[in-house]
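Before any comments, here is the structure.
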Amino acid sequence: MLRYAYLGPAGTFTEQALRSIPEAADAELLPMVTVPEALSAVRTGTADAALVPLENSVEGAVPPTLDGLASGERLMINREVLLPVTFNLYAAPGADLGSIKTVASHPHGLAQCRGWLRTNVPDAELITSPSTADAAEGVVRGDWDAAVCAPVAGQRYDLAELAVNVADNAAAVTRFILVTRPAPPPARTGADVTSLVAFIHHDRTGALLEVLTEFAVRDINLTRIESRPMKERIGRYCFFLDCDGHIEDDRVGEALMGLRRVCEDVRFLGSYPRANADHEGDGRAKPSDDDFADAAAWLERVRAGGA
Ligand SMILES: O=C(O)C(=O)Cc1ccccc1
């Protein structure tokens, strides 16, 4: 039986996202307290895969996930899951808004509800917990008065619902990734994402432009670029890139070879089906995959003395 680690405990958004994956239905689910622990479960073989949050449409990246992918033994992204997230405020039965002195949630939960919390519980201390469901469990433990979490967490821990839809942006979506130990990527679908980390040469003028050019000249649409500090000293960054396409696509393979030539190091993080099928790409007429194959065949002919 497959073992899937995830950011737990039961009742997190990550668990909801995991339950949307058909293969997880027959798997053993292993709740982990933090993202690094979930990733480490995969690295050590305790789990076959781990589902962790990568980014949110309102709050941006989940830093421990980016850092866990950029360093340590290589992991690969095998799938992405998008989940709309809605937050409610829960407390112990009998509590009311006026009695709330402390509110806990995952950093992204607090950030996404900051405006509502400031208006409705202005004097409450905001406490960071490892996940929204841990925040709900913490109300039961007596660690704090209230939690901002998913409705499923409030129900699971038998809490009282003090307010619904407390997020400042009701349309927030979180992107989760399923990571495994290095393995051949899932088959190309024609609507795929390729993710990688580019370690550029520091203090080289145009180093980042060189990276972007490898994509632009091949008409590969970049869908995310994000820097993270390298941690060794101030001013050193690595760049997370997502682009349209699969490593089996000629243009993406060529771009990766180009990056390998111009970067200090490149960490391939995977090619996997894009979850939002309505993603449009850049919409321009561009050289087709056939054009790339035709150009490669032409080069071979010319090299052999033909035309
Ligand atoms: O804490 C959770 O429930 C998670 O799965 C992480 C998270 C937190 C806030 C928004 C989306 C995901």
Side-chain angles (χ1 to χ4, degrees), residues 4-21 24 27 29-42 47 49-69 77 79-91 102-117 126-141 143-144 146-159 161 163-179 224 226 275-276:
Y4 284 41
Y6 70 98
L7 176 66
T12 56
F13 291 109
T14 312
E15 188 202 10
Q16 288 177 61
L18 184 54
R19 290 190 184 280
S20 76
I21 299 177
L29 305 192
L30 308 173
M32 299 287 156
V33 177
T34 62
V35 166
E37 283 164 71
L39 298 180
S40 150
V42 178
L51 194 78
V52 291
L54 176 68
E55 61 168 335
N56 178 274
S57 60
V58 174
E59 252 318 280
V62 177
T65 301
L66 295 189
D67 293 345
L69 292 174
I77 306 174
R79 181 195 283 261
E80 65 174 6
V81 178
L82 299 180
L83 183 80
V85 289
T86 59
F87 298 91
N88 292 355
L89 184 74
Y90 290 96
T102 45
V103 179
S105 193
H106 183 276
H108 271 230
L110 292 178
Q112 287 177 65
C113 304
R114 187 147 282 135
W116 189 95
L117 292 168
L126 305 184
I127 299 170
T128 296
S129 74
S131 71
T132 56
D134 175 83
E137 217 176 29
V139 174
V140 179
R141 291 193 300 261
D143 291 349
W144 38 72
V148 167
C149 60
V152 290
Q155 285 147 22
R156 171 176 284 269
Y157 297 101
D158 290 325
L159 299 176
E161 191 177 84
V164 296
N165 294 329
V166 299
D168 301 327
N169 181 330
V173 172
T174 298
R175 178 179 173 210
F176 298 85
I177 48 170
L178 187 70
V179 301
R224 184 170 71 107
E226 183 125 29
N276 51 338

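Counting starts at 1 for both ligands and their atoms, following the listed order. All values below were derived from every heavy atom in this structure, side-chain atoms included, with hydrogens, water molecules and symmetry-related copies excluded.
Residues E15 and T12 bring no donor and acceptor atom of their side chains to less than 3.5 Å of each other.
Taking the ring centroids of F87 and F13, they lie under the 6.0 Å cut-off.
Close contacts between ligand 1 and S131 involve ligand atoms 1 (O) [criterion: under 4.0 Å to a heavy atom]. The atoms of ligand 1 that sit less than 4.0 Å from any heavy atom of T12 are 2 (C), 3 (O), 5 (O). Close approach to T14 involves these atoms of ligand 1, each under 4.0 Å from a residue heavy atom: 4 (C), 5 (O).
Protein heavy atom nearest atom 6 (C) of ligand 1, with residue, atom name and distance: L7 CD2, 3.8 Å. For atom 11 (C) of ligand 1, the nearest protein heavy atom (residue, atom name, distance) is T174 OG1, 3.3 Å.
Considering all non-hydrogen atoms of both residues, V148 and C113 come closest at CG1-SG, 3.5 Å.
Among the atoms of H108, none of the N or O lies under 3.5 angstrom from an N or O of ligand 1. The N/O atoms of T132, backbone and side chain alike, include one that comes under 3.5 Å of an N/O atom in ligand 1. For a threshold of 3.5 Å applied to N or O pairs, the pair formed by F13 and ligand 1 contains at least one separation below that value.
Taking CD1 of I127 as the reference point, atom OG of S129 lies at 9.0 Å (rounded to 0.5 Å).
At a heavy-atom cutoff of 4.0 Å, ligand 1 is contacted by no atom of Y6, backbone or side chain.
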Could you go through E137 and R156, starting from their C-alpha distance and side-chain angles, then the distance that decides it, and tell me whether this counts as side-chain contact (heavy atoms from CB on, under 4.5 Å)? CA-CA 9 Å; E137 217 176 29; R156 171 176 284 269; over 6 Å; no
